[in-house]
**Q** 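Before anything else, here's the structure in question.
Keep in mind that what you see is a predicted model, and the values were worked out from it rather than measured. Atoms within each ligand, like the ligands themselves, are counted from 1 in listed order.
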Amino acid sequence: MDTFKRLEMLRKFDNELADLLEDEEYKQRKTIGLIASENIASPLSTCLEGSIFTNKNTEGYPGKRYVSGTTNEDKIELLAIERLKKLFGCEHANLQSGNASIANSSVLMGLLKPGEKILSMSLSAGGHLSHGAKFNFSGKFYNVVQYGVSEETEQIDISEVRKIAIEEKPKIIICGGSAYPRLIDYAAFRKIADEVGAYLWVDAAHIIGLIAGGAIPSPVPYADVVTFSTQKTLRGPRGCGVILCKEELKNKIDRGVFPGMQGGPKADMIAARAVLFKECMTKEYSLYQHQVVKNAAALAEGCKNEGLRLVTDGTDTHLVLVKIPENIESGKEAELLLESVGIITNKNLLPFDRLSPELTSGIRIGSPLMTTRGAKEGEMNRIGHLIGITLKNKSDKKVLDKVKQEVDKITDKYEMFAKEWNPTDRGTIKN
Ligand code: DSN
């Protein structure tokens, strides 16, 4: 149902919520969205999210449900799994988890006993809280050792990872996370995992769309397990955690998800992802993902030309980590200042950060959402400049007003989902 029809129905019953829906639609349209984990969900998948499939209980797996009447839902789940296998060349896939943190917890539940050892990247180096942060399920129930990045290059030091792995003999090694802008050497991680007899798990939540579109290399040939969410670069709706794994781990992984971590999955969520995976195989999708990478490089260049310093001095992906300049006290101040001119970012810990996670010394920005709206390198470069101008002139109302006017003009130029990325508009669906 489109926003207009939803609004019409809501207005008859709940004005408060109708106002908020209307305001959200306006806000998303009139701001430059740069949060690296956000995107605009594909209309093909949102037409199934919240559809009639939401009425159906499907506890269990296709052919082994604990309820009856699941014929269509079985077909859809099997189709989604087949599409995942084709898209990523994996041996097995599970897409029942309600989100990627549940998928990540299910991997631990399926492969490890409580107290066994995890080796993962620390949060400040770009890891994720579900990889063993002390306040998360993973940190409370498992024995966690972590690696960071080199102080000099701000990138993973693979010899340091090997040293820790040999000393600590983890049962599982995790790479990938939420704030690492560079490519990861999966072959080197595989070698270390084999040397110490550990599973290799790649959390590809941020970069999975780039992988699906062939814009960066895939971890699937190297990893025992790959997990991801569907709302980031993949460009699906929020929610749904996917686990890809080797055939030999199928039963452990499936049991880790159900009954290990959750009960019945959402059938409408699975249906929406099934069509999304088909969309991921189109030419438009691949072009989009290559554009995301080019746009992130242009955004990084724009920031650098304004004198801003970047973690690792750039990016290989969709994501850029900006160090706040000296006149700004924290990432939090930068985030609020940028929001005041209509540029949406998030404060982010940097490697070796001296500030708390509530303040931070950096902001994280990314190109997926504005690329979905249709922006190309020239616009992204300009947006990088606007970030620099805003941060450098935090007390100059005239300058900030001018930036705001430019943000208005930029956002007016674009639809929420550019026609060029929609395979049904272009009529070129393959397969
Ligand atoms: N992992 C968090 C992020 O990267 O923003 C939430 O999805």
**Q** Need the ligand 1 atom indices (1-based, order shown) with element for anything under 4.0 Å from a heavy-atom of Ser37.
**A**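 Those atoms are 3 (C), 4 (O), 5 (O).
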
**Q** Are Phe228 and Phe88 close enough that their ring centers fall under 6.0 Å?
**A**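 Judged by ring-centre distance (under 6.0 Å), Phe228 and Phe88 do meet the cut-off.
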
**Q** Polar contacts were defined as any N/O atom of the residue lying under 3.5 Å from an N/O atom of the ligand; does this apply to Lys232 and ligand 1?
**A**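 Yes, there is a polar N/O contact under 3.5 Å.
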
**Q** Which ligand 1 atoms, with their elements, are less than 4.0 angstrom from a heavy-atom of His128?
**A**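 The list of qualifying atoms is 1 (N).
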
**Q** Taking the cut-offs as 6.0 angstrom to the six-membered ring centre and 45 degrees off its axis, would you call Arg235 and Tyr288 a cation-pi pair?
**A**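 Verdict for Tyr288: a cation-pi partner in Arg235.
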
**Q** Looking only at atom types and distance, does a side-chain atom of Asn99 sit under 3.5 Å from a main-chain N or O of Gly241, one as donor and one as acceptor?
**A** no

**Q** Sort and list the pairs that fulfil salt bridge (Lys or Arg N to Asp or Glu O under 4.0 Å) and have at least one residue in residues 202-226, not counting sequence neighbours.
**A** Arg190-Asp224, Asp224-Lys246

**Q** Which residue and non-hydrogen atom of the protein lie closest to atom 1 (N) of ligand 1, and at what distance in Å?
**A**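 Closest protein heavy atom to atom 1 (N) of ligand 1: Ser178 OG, 3.1 Å.
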
**Q** Who pairs with Glu49 by side-chain hydrogen bond (donor to acceptor under 3.5 Å, both in side chains), at least two apart in sequence or on another chain?
**A** Arg273

**Q** Could you list the atoms of ligand 1 found under 4.0 angstrom from a heavy atom of His206?
**A** 3 (C), 4 (O)

**Q** Please report whether ligand 1 has a polar contact with Arg238, defined as an N or O pair separated by less than 3.5 Å (distance criterion only).
**A**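 Looking only at distances, the answer is no, because the N/O contact criterion of under 3.5 Å is not met.
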
